[in-house]
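Everything on this sheet refers to the single structure shown next.
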Amino acid sequence: MRRIVFGKLLIAFLAVGATGFAVQAALHSFWVTIAASLAISIVLAFMGASSVGVRLDDIIQFADRIAQGDLSARINHANKDELDRVAVSLNHTAERLREEFAIVERGRRELETLLNSMQDAVIAISQHGRVQWVNQRMNRILNQHPRIGGGVAETIRDPDFLAAVREAAETCTVQVVRSTTIVPGRFHQVTAAPLPGGGVMAVLRDLTKTERTEKMRRDFIANVSHELRTPLTSIQGYTETLLDSLPEADGSREFLEIIRKNASRMSRLTEDLLTLARVESGEHHFDREAVSPAELLADAMQSFEPMARATGIALEVKNEVERPVKADPEAIHQIFANLIDNAMKYGATGGKVVVGARPVGDFAEFYVQDFGGGIGFEHLPRLFERFYRVDKARSRESGGTGLGLAIAKHIVLAHRGTIRAESELNHGSSFIFTLPYAEGENAR
Ligand code: ADP
């Protein structure tokens, strides 16, 4: 009898253990431990017990049902003996398992609802490159229900998407790429993020409408600027002619000077708008070549030395980079022109402007530093936005268009570099941009 009891209890113990494994995906192993401990205590407590076959059968049936995922199973108990205490404990364990499982299940359903209500398409990919889950938006954009467990490359063939997923998995970093072939005629931004424990979650955002609107905005600005060029040239021309023909003492000269000044400001603005529209749209072609930083710096200095002399500002150059960079010299000249012009306009009180280059990691870092009034910390993140000015009146008065830094930013980005500003009030500002090296060549 003892052997039978022992055998049945052992089965119960194994069943409870198996139950623990069945729910282990959702629950802590703590509960499995509790279940196992209880089973062992049954074995020890009832080694010497007499016939308890029926009640033990109850326990075994209970364990079977739990193992099959029926967490509502319970053991009847009416006596107040040791076997009942075991039954109460097992019932309690089962109840806790049910509660915990319900919490996990509710969380899963909430997450699924959230992902299904998203405007972005989401796909979860296992570490072996298999589709694990997709949201409804993904089903819609693919026009099919991808096969769960099928290879991701069978579902989405876009090479940029697949490369981003691979890269995210291999490097455990978030990858952001632009894809044009997931759905023909539409642009998607793909963000592939590594999942804890392996695999990748990719989110696809449809940017078609945004890009179209952005293109319309750029085209409109470019067209308006272009159309304004001719009448402005004409206004400037006739004003000059009138000014040339009027005697110095003529009272209307003052008004003509105002017209000339404003026409030339509008002309600068239209030119800057056109430049920005071209650079932003990627339509502007940059002739990138291997060029030595010394050459780029010398070129910038040469243009500004006369202005520095005239305004009494010391213009210094510091070059610490020998390796050539890959850049379009004319475009870099425009960046330097905007930055040095600003340094001389807004940082003149410092009396000195330093233009230099230094090696930083895989890039050459160029900078224009002034020692003037500086810029408040709160303005730094917005400085490179078009038309953002710290002091509007001062910018206008000095003939600024509010576009110089935005143009500089887009030229740098087109060169695969970065640009930033560092500043301290009353101590001056530094505008710093990076350019990649031209591989395998040395400046001689
Ligand atoms: P702007 O034509 O007005 O100079 P920018 O885009 O070149 O336009 O510069 C944006 C604003 O950033 C300027 O209006 C000015 O307020 C601020 N700024 C730029 N460079 C400096 C500097 N070196 N020192 C202080 N403020 C600066």
Side-chain angles (χ1 to χ4, degrees), residues 218 221 225 228 232 261-280 284 297 300-301 303-305 307-308 310-318 330-357 365-415 417-434:
R218 276 197 308 263
I221 292 173
S225 309
L228 283 173
L232 273 173
K261 194 173 152 209
N262 281 293
S264 99
R265 198 168 156 250
M266 272 187 80
S267 170
R268 274 200 308 280
L269 189 60
T270 50
E271 288 309 317
D272 276 2
L273 278 170
L274 264 176
T275 309
L276 187 59
R278 278 202 214 104
V279 179
E280 256 188 321
H284 185 94
L297 293 171
M301 296 299 280
S303 306
F304 278 89
E305 256 154 10
M307 185 175 164
T311 51
I313 295 174
L315 192 56
E316 285 179 18
V317 64
K318 275 188 192 166
E330 220 173 284
I332 304 306
H333 183 78
Q334 173 142 29
I335 300 177
F336 272 126
N338 292 353
L339 299 184
I340 299 174
D341 188 49
N342 281 351
M344 290 191 165
K345 270 189 323 204
Y346 306 111
T349 50
K352 185 168 85 167
V353 171
V354 183
V355 183
E365 202 170 74
F366 294 83
Y367 57 91
V368 175
Q369 184 180 13
D370 69 66
F371 302 86
I375 303 165
F377 178 74
E378 69 279 14
H379 297 290
L380 294 181
R382 300 198 56 193
L383 273 186
F384 296 92
E385 288 174 18
R386 53 183 99 86
F387 297 118
Y388 189 84
R389 287 137 162 153
V390 177
D391 183 343
K392 283 193 180 60
R394 189 155 169 218
S395 163
R396 288 219 179 84
E397 181 197 317
S398 58
T401 61
L403 295 172
L405 291 180
I407 292 173
K409 179 180 108 176
H410 285 283
I411 296 177
V412 170
L413 291 180
H415 280 75
T418 56
I419 189 163
R420 66 183 196 276
E422 290 174 1
S423 189
E424 205 182 324
L425 274 180
N426 305 320
H427 286 90
S429 315
S430 291
F431 285 81
I432 303 154
F433 64 96
T434 60

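In each ligand, atom 1 is the first atom listed, and ligand 1 is the first ligand listed.
For the pair Y388 and ligand 1, the shortest N or O to N or O distance does not fall below 3.5 Å. Below 3.5 Å of separation, one finds an N or O of L405 facing an N or O of ligand 1.
Every atom of ligand 1 with a heavy atom of T401 under 4.0 Å away is listed here by number and element: 2 (O). Taking every non-hydrogen atom of D391 and a distance limit under 4.0 Å, the qualifying atoms of ligand 1 come out as 16 (O). Counting atoms of ligand 1 from 1 in the listed order, those under 4.0 Å from a heavy atom of S395 are 1 (P), 3 (O), 14 (O). The contact set between ligand 1 and S429, taken as ligand atoms under 4.0 Å from a residue heavy atom, comprises 24 (N). Residue L383 has at least one heavy-atom neighbour below 4.0 Å for each of these atoms of ligand 1: 12 (O). Here is the list of ligand 1 atoms found below 4.0 Å of a heavy atom in V390: 16 (O), 17 (C).
When hydrogens are left out, the protein atom nearest atom 18 (N) of ligand 1 is Y346 CD1, 3.8 Å; that is the closest non-hydrogen contact. Among all non-hydrogen protein atoms, the one lying nearest atom 14 (O) of ligand 1 is R389 CG, 3.2 Å. From the protein, the heavy atom lying nearest to atom 23 (N) of ligand 1 is D370 OD2, 2.8 Å. In terms of protein heavy-atom proximity, atom 20 (N) of ligand 1 is closest to N342 CB, 3.4 Å.
At least one heavy atom of F431 sits closer than 4.0 Å to an atom of ligand 1. Within the structure, ligand 1 lacks G372 among the residues with a heavy atom less than 4.0 angstrom away. Within the structure, ligand 1 lacks N338 among the residues with a heavy atom less than 4.0 angstrom away.
Looking at heavy atoms from C-beta onward, N342 lies in side-chain contact with L405 at the 4.5 angstrom threshold. Residues K345 and R394 form no side-chain contact, since every pair of their non-hydrogen atoms from C-beta on lies 4.5 Å or further apart. A heavy-atom distance below 4.5 Å is found between the side chains of E280 and R386. A 4.5 Å side-chain heavy-atom check between L425 and F377 finds every atom pair outside the cut-off. Considering only heavy atoms from C-beta on, L339 stays 4.5 Å or farther from F366 through its side chain.
Residue K345 touches ligand 1 through its side chain alone, judged by heavy-atom distances below 4.0 Å. Contact annotation for D341 and ligand 1: no heavy atom of the residue comes within less than 4.0 Å of the ligand.
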Please determine whether salt bridge (charged side-chain N to carboxylate O under 4.0 Å, His left out) holds for the pair E422 and R420, giving the CA-CA distance in whole Å, both sets of side-chain angles, and the decisive distance to 0.1 Å. CA-CA 7 Å; E422 290 174 1; R420 66 183 196 276; 3.1 Å; yes
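Remark: the backbone N or O of I411 is paired with a side-chain donor or acceptor of H415 at under 3.5 angstrom.
For the atom pair OG1 of T349 and CG of N426, the computed distance is 8.5 Å after rounding to the nearest 0.5 Å.
Ranked by closest heavy atom to atom 2 (O) of ligand 1, the top entry among G402, A421, G404 is G402.
Within a 6.0 Å sphere centred on CD of E330, other residues, nucleotides and ligands contribute 12 heavy atoms or fewer.
Just one of T270, D272, N338 meets the side chain to side chain donor-acceptor pair (under 3.5 Å) condition when paired with T401; it is D272. Under the side chain to side chain contact (heavy atoms under 4.5 Å, CB included) rule, F433 has a single partner from I419, V368, T418, which is I419.
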